[in-house]
There are 4 protein chains.
Amino acid sequence: MTKPPNPQRRSQKSRDAILTAALELCGEEGYGRMTIEGIAARAGVSKKTIYRWWPSKGAVVLEALHEAADTVAPHPDTGDFAADMRTQMATVIRFLSPPSHAPLAGLVADALRDPELAEQMRERLVRPRIEAFGQRMRRAQEQGQLHPDADLDVALDLFYGPLYHRLVLHLGLPEPAYLDTLIEHVIRALDPGHGRT
Amino acid sequence: MTKPPNPQRRSQKSRDAILTAALELCGEEGYGRMTIEGIAARAGVSKKTIYRWWPSKGAVVLEALHEAADTVAPHPDTGDFAADMRTQMATVIRFLSPPSHAPLAGLVADALRDPELAEQMRERLVRPRIEAFGQRMRRAQEQGQLHPDADLDVALDLFYGPLYHRLVLHLGLPEPAYLDTLIEHVIRALDPGHGRT
Amino acid sequence: MTKPPNPQRRSQKSRDAILTAALELCGEEGYGRMTIEGIAARAGVSKKTIYRWWPSKGAVVLEALHEAADTVAPHPDTGDFAADMRTQMATVIRFLSPPSHAPLAGLVADALRDPELAEQMRERLVRPRIEAFGQRMRRAQEQGQLHPDADLDVALDLFYGPLYHRLVLHLGLPEPAYLDTLIEHVIRALDPGHGRT
Amino acid sequence: MTKPPNPQRRSQKSRDAILTAALELCGEEGYGRMTIEGIAARAGVSKKTIYRWWPSKGAVVLEALHEAADTVAPHPDTGDFAADMRTQMATVIRFLSPPSHAPLAGLVADALRDPELAEQMRERLVRPRIEAFGQRMRRAQEQGQLHPDADLDVALDLFYGPLYHRLVLHLGLPEPAYLDTLIEHVIRALDPGHGRT
DNA sequence: GTCTAAACGAGACGGTACGTCTAGTCTTTCT
DNA sequence: AGAAAGACTAGACGTACCGTCTCGTTTAGAC
């Protein structure tokens, strides 16, 4: 019944102010204490304008992260796969700390109870990063730094699983030394040639 | 200043009704839509009684899960470590999948924004299961099914990390065949003898 | 600072559509539920166009009523003053009764909280009708049907006061028989010869 | 579905604070600009508490007026009916004039678009005053100051009609001298013995 | 077996944020 | 330049829960 707004007439200024305010407030007060009203006030924007373009607080944060994310944690390629993974994962860890103020952690929490948001998060935020990881991994295989039969899915699970496991069970994100240990184990796991003789 | 209530005079009937109502409502409406008011109404209990004994909705669900959990996913010991892990992890996966995932997923979501709850969850729900996993792993080492130098933390991260990673990023929990692949990789990773020649 | 629009370039079509839409909506949904947005939508006109020419919803309705009113309740002159008053007042009563009372009652309500609108209503809608009543009364005096010293203000108050009194206190507008009784009383009151002996 | 609140547990303090705040705000900002939010803030009360006991702003003002009204305009009885009417009507006029006219005028305006409120206003605010007027009038008849056949309804219409007529059409409430003239006319009208011989 | 203190049910309270609504302004595009 | 379309800021609306706070009413341990 209520016809959708016309995106062509959208105010770029308001959009930017909203996304900026959301990230700021998330950092200052934590995702949980941040409210739509607070975002509107900070951005100097009417609540209506937020509700016109986003269905929920999570959707705003998702778009803000999407906007910022490409520059945040790219996969470097220095030629040393293990070292590059260490660099990239350290960035991700920094991005998830501290959990209560991390936009991504809040988004993860909301997505656990909002399937629509979960799908958006997966498709817009997660998938592209999985893709980027896949490309880096394939280069590592071509350069002989990773076994050519290594499975992308398994690699993803073993590299990043520990991070989210520790994040959501509050076991403490890995320290650098432990991160090295983890990466070493995973690379070994991905080499099927190392099975028992 | 408000003195704590006397646990000796606590009504067992109310406590049980509250925990039962919480799990029921969680299943029926979802964790997010469940409210303290709703639990009180369903349990035939005053809101005050809930707030007297628990600080938050999450704490109620945590206790309800704690009550139910010991029986949920014990670590079997048939003598075959890989097979036992497969069995146990399959149980965990079932527990993390719809429709039964609501209470735990909701709890995880709340804990991401409530450090107090996060600590309770870790100490009461997670730690005991880590301990149980540790015992099973040590037996596997004694029986020569796992390398004696295998690191407990790494093992935990690599076995269970993929599950939570996939849960919170909504990538779909592992199917049985893929679960086998994962376990195989992890056991290989835990064997330092499989390092480069 | 915003200069007034040039009335010469005003679109007659828009003006008519707005006034028509206002009266229609007033009848269909009631004055209170009618909105400027609704009028604009119904008239196929931009809100801006309404605000350009009228300061408020009340002003639109006022103009619409003004347009329609001259033909509504003229003072007949059959030579019988009492009978003519009965006719005219019956018309007014019909105008103040459901379902047609919506525009005027709404206007009256708005004017009670908007002095600007109140003044417009008095000058454009009320004054001309008082003038018309005055002319009819003076003819009645010339024809000897009303005492030559009868006071116009008092006559107006006593004839029409009961109508508005009953309208705004929701006491029910006069039935025909009671209207006769009222008119009889008023005409008697206006004859100072009928003072105490 | 939503069961009504229990009046026995109602907080008298909140009720009084709300009614007081409503009348104060009405005087300070005017009925139209007064909001439920404003009343709640001024009274130090939650909006919910207002909505729990009253359906609308008008209902609050109605109750506040009802509370205050008995003491406002009683019908004196000095033995001189005309003089007493003059006194009482002057009080009413003062009550309907700025700045004190705000609550009643606002209520009248709201009642014109809210039938429920209109009925409440009539039954709780208007009827009792009509009854009081009727009693005074009957005493005047017994004391021979008013014709024994004088009609209560007509008397009410002719005495008070001019006040409301002038109020809602913004013609200016009667000055004292004109009030005398009016009363004189009305008393004459109510004496059927003064008809033409 | 009373007595009595505290836990209980019920639910009203002050708050906060929600998501919706309309007012009135401003911007863009078309005629 | 006027008008249509409609996005914008502003802010009140009425609702939902929150967590706190009385109220009487059980009820269980101590006397």
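So that the names make sense, note that chain A is the first sequence line, chain B the second, and so on, each numbered from 1.
- When the side-chain nitrogen and oxygen atoms of B:Arg52 are compared with OP1 and OP2 of E:dC8, one or more of them lie within a distance under 4.0 Å.
- For the pair C:Ile36 and C:Ile50, the tightest heavy-atom approach, listed with the atom from each and the gap, is O-CD1, 3.9 Å.
- Position along DNA chain E of the nearest nucleotide to A:Ser46 versus D:Gln12 favours D:Gln12 as the more 5'-ward residue.
- With rounding to whole Å, B:Gln8 atom CD is found 17 Å from E:dA5 atom P.
- Pairs engaging residues 48-62 of chain B under the side chain to side chain donor-acceptor pair (under 3.5 Å) rule: B:Trp54-B:Glu63 [sequence neighbours left out].
- Partners of B:Glu28 by salt bridge (charged side-chain N to carboxylate O under 4.0 Å, His left out), not counting sequence neighbours, listed by chain and number: B:Arg42.
- With rounding to the nearest 0.5 Å, the separation of CG in C:Leu104 from CG in C:Leu125 is 7.0 Å.
- The NZ atom of C:Lys57 sits 7 Å away from the P atom of E:dA23 (whole-angstrom rounding).
- Residue A:Pro7 is the one, among A:Pro7 and B:Tyr51, whose nearest nucleotide of DNA chain F lies closer to the 5' end (criterion: closest heavy atom).
- C:Ser11 contributes no side-chain N or O that forms a donor-acceptor pair with the base of F:dG2 under 3.5 Å.
- At whole-Å resolution of the value, NZ in B:Lys13 and P in E:dA7 are 17 Å apart.
- Distances were taken from every side-chain heavy atom of D:Lys47 (C-beta onward) to each of F:dT15, F:dA3, E:dA12; the shortest belongs to F:dT15.
- For A:Ala102, the side-chain contact (heavy atoms from CB on, under 4.5 Å) test picks out A:Ala105, with sequence neighbours left out.
- In this structure, the CH2 atom of D:Trp54 is 15 Å from the P atom of F:dG14, given to the nearest Å.
- Spacing between atom CG of B:Leu25 and atom C1' of F:dC17 amounts to 15 Å, rounded to whole angstrom units.
- A:Gln12 pairs by the side-chain hydrogen bond (donor to acceptor under 3.5 Å, both in side chains) definition with A:Asp16, not counting sequence neighbours.
- Residues meeting the salt bridge (charged side-chain N to carboxylate O under 4.0 Å, His left out) test with D:Glu37, sequence neighbours left out: D:Lys47.
- To the nearest angstrom, C1' of E:dC26 lies 16 Å from CG of A:Asn6.
- The distance from the NE2 atom of B:His66 to the CG atom of B:Leu19 is 11.0 Å, given to the nearest 0.5 Å.
- The separation between D:Ile50 atom CD1 and E:dA12 atom C1' is 14 Å, rounded to whole Å.
- Between the CD atom of C:Glu116 and the P atom of E:dG24 there is a distance of 13 Å, given to the nearest Å.
- Remark: D:Glu123 engages D:Glu119, D:Arg127 in a side-chain contact (heavy atoms from CB on, under 4.5 Å) (not counting sequence neighbours).
- Note on B:Thr49: a side-chain N or O is less than 4.0 Å away from OP1 or OP2 of E:dG9.
- Residues forming a side-chain contact (heavy atoms from CB on, under 4.5 Å) with D:Ala118 (at least two apart in sequence, or on another chain): C:His170, D:Ala111.
- Of the residues in residues 30-45 of chain D, those with a non-hydrogen atom less than 4.0 angstrom from any atom of DNA chain E are D:Gly44, D:Val45.
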Check nucleotides 22-24 of chain F against the protein and report each pair of N or O atoms closer than 3.5 Å, with its distance, or say if there are none.
residue: F:dT22; atom: O2; partner: D:Arg9; partner atom: NH2; Å: 3.1

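- Within the 4.0 Å cut-off from OP1 or OP2 of F:dA4, at least one side-chain nitrogen or oxygen of C:Ser14 is found.
- D:Ser11 meets the side-chain hydrogen bond (donor to acceptor under 3.5 Å, both in side chains) test with D:Ser14; sequence neighbours excluded.
- Within residues 103-113 of chain C, no residue has a heavy atom under 4.0 Å from DNA chain E.
- Within the 4.0 Å cut-off from OP1 or OP2 of F:dA3, at least one side-chain nitrogen or oxygen of C:Trp53 is found.
- For D:Val61, the side-chain contact (heavy atoms from CB on, under 4.5 Å) criterion is met by D:Tyr31, D:Met34, D:Leu65, D:Pro103, not counting sequence neighbours.
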